[in-house]
Structure formats: C-alpha cells, structure tokens
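Single-structure report; data block below.
Residue numbers start from 1 in every chain, and the chains themselves are labelled A, B, ... in the order their sequence lines are given, proteins ahead of strands.
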Amino acid sequence: MTKAAVAVLKLPSLELVESQTALIPTTFPYIPGFLSFREIPALLKVIEKLTIIPDIILCDGQGIAHPRRLGIASHLGVLLNIPTIGVAKSLLIGKHEEVPLEKGSWKPLIDKKEVIGAVLRSRTNVKPIYVSIGHKISLPTALDYVMACLTKYRLPETTRWADKLASDK
DNA sequence: GCGACAG
DNA sequence: ATCTTGTCGC
C-alpha cells in the first residue's frame, strides 16, 4: 500500500488549516528516477480531498533536479497546474560547493553546466536540504517560500506535518 | 564497464 | 523507505 498526506498551512503564521491522507494499493516499485510513478496516484487522491486549493505546494522529493528534469514536484505541478517546489532530504543528481554551516546559506546545484536547484542549510550545523523548482515558480521565489516554512528544524513545517500525518492515523 | 541512486 | 539504543552537541 502507498500512503500520501497533505498539510495546508497559512503564511506567515504557519498555522495548519487543513489536512488529509489517502491510502491506495502500490502499483509501481521505487526506482531512483521514477519516484513519481509510484507516488503520484496517491498524491492526486489526497489533493482531491482538499476543500482548499493551495497557492503553492512543497513536495517531498526533487523538482527539476532530476535526470530528465521531471522530478515528482515538477510532475505533480504539471498535472495539477499549481506552482510546486521540490524539497528533498538527499541528493539525486548534481554537484555543488560546500555550503556554509549557518542557517539560510545556500549554493547552486549544478548538472551539465546548468543550475537545477539549490542546496540549502535549513538549520545551523545540520545536513542541508535540496530545493529545486517544480512548476510555475523561480528558484529565488522557491527559496523564499521554503525559508518561510522553516522554524527550528531541518525540514519545512509543511513536510513535518505531512510526515506526522502519514505516520499515524 | 563501474558506481550512483529522491522515497 | 525501514531496521534500531544510546549518545553527542547546541
């Protein structure tokens, strides 16, 4: 089974305004580079349940920082026609300079001479996160939104809420 | 051919 | 992703 969860937060307060979860049979295995084929069916189902259409969606995974520039965030954004941002916990492809240890520092993520995202230090002295545009948004704007969702933890509150919802209930 | 490889 | 206890650092 594959479970998906969504948490809709309001900015700049970051208060939770709505949440949903969905469970469906797994139809595709996890293969690096093909994550969306496994996760998108469940994601579309949870998002259909929302009574609020998000202005922007932060996805757990890459945006265009992908071999074919179509990570899960980009894929979902195209299908929904909603701005999306990829926020991954680890690297799929690309190279980058070392990122200063202070929260807020970041370095461009490069692949084939092309900027495909940003490696962001979301919390001081903690492993960075990988931010890339998904759909209908620029990298600077994507970084602004991701940072607006950060508090005292490595991951944005949106992701933390979704993970929490996906784990229990 | 060898290694790397989102969740 | 998941298996898993205590432990180090702010």
Worksheet item: When you check the phosphate oxygens OP1 and OP2 of B:dA6, does a side-chain N or O of A:Tyr130 lie under 4.0 Å from one of them?
Response: no

Discussion item. Could you tell me how far apart A:Gln62 (CD) and B:dC5 (C1') are, to the nearest whole angstrom?
Written reply: 11 Å

Discussion item. Counting only side-chain heavy atoms from C-beta out, which of C:dC10, B:dC5, B:dG7 sits nearest to A:Leu92?
Written reply: B:dC5

Practice prompt. Could you tell me whether A:Gly33 contacts a base, only the sugar-phosphate backbone, or nothing, with contacts defined as non-hydrogen atoms closer than 4.0 Å?
Written response: base

Worksheet item: In whole Å, what is the span from the CG atom of A:Leu58 to the P atom of B:dA6?
Response: 20 Å

Fill in: Between C1' of B:dC5 and NE2 of A:His66, the distance in whole Å
11 Å

Discussion item. With the stacking rule set at 5.5 Å and 30°, tell me whether A:Tyr30 counts as stacking on C:dA1.
Written reply: no

Discussion item. Would the distance check show the side chain of A:Arg160 and the main-chain N or O of A:Tyr153 forming a donor-acceptor pair, the cut-off being under 3.5 Å?
Written reply: no

Discussion item. As a quick check of understanding, evaluate salt bridge (Lys or Arg N to Asp or Glu O under 4.0 Å) for A:Asp111 and A:Arg69, giving each step before the final call.
Written reply: CA-CA 10 Å; A:Asp111 179 54; A:Arg69 305 294 183 264; 2.8 Å; yes

Discussion item. Please report the distance, rounded to the nearest Å, between CZ in A:Arg154 and P in B:dA6.
Written reply: 13 Å

Practice prompt. Quickly work out the A:Asp111 CG to B:dC5 C1' distance and round it to whole Å.
Written response: 13 Å

Worksheet item: Within this structure, what is the CD1-to-P distance between A:Ile116 and B:dC5, rounded to whole angstrom?
Response: 13 Å

Discussion item. If you apply the rule side-chain hydrogen bond (donor to acceptor under 3.5 Å, both in side chains), what do you find for A:Thr2 with A:Glu39, and how did you get there?
Written reply: CA-CA 7 Å; A:Thr2 292; A:Glu39 307 288 342; 5.4 Å; no

Discussion item. Is it the case that the side chain of A:Ser132 and the backbone of A:Gly117 share a donor-acceptor pair, with hydrogens and angles ignored and the cut-off at 3.5 Å?
Written reply: no

Worksheet item: With a 4.0 Å cut-off on heavy atoms, is A:Ile93 in touch with a base, just the backbone sugar-phosphate, or nothing at all?
Response: nothing

Practice prompt. Classify the nucleic acid contact of A:Phe28 as base, sugar-phosphate or nothing, counting any heavy atom under 4.0 Å across all strands shown.
Written response: nothing

Practice prompt. Mind calculating the distance between CZ (A:Phe34) and P (B:dC5) to the nearest angstrom?
Written response: 17 Å

Item to complete: Would you please classify the geometry between the A:His96 ring and the A:Tyr130 ring as parallel, tilted or perpendicular, with 30° and 60° separating the classes?
Response: perpendicular

Item to complete: Please determine if a side-chain N or O atom of A:Lys89 lies less than 4.0 Å away from the OP1 or OP2 oxygen of C:dA1.
Response: yes

Worksheet item: Please give, in whole Å, the distance from C:dC10 P to A:Asn125 CG?
Response: 7 Å

Worksheet item: Within the structure, does a side-chain N or O atom of A:Ser90 lie under 4.0 Å from either OP1 or OP2 of B:dG7?
Response: yes

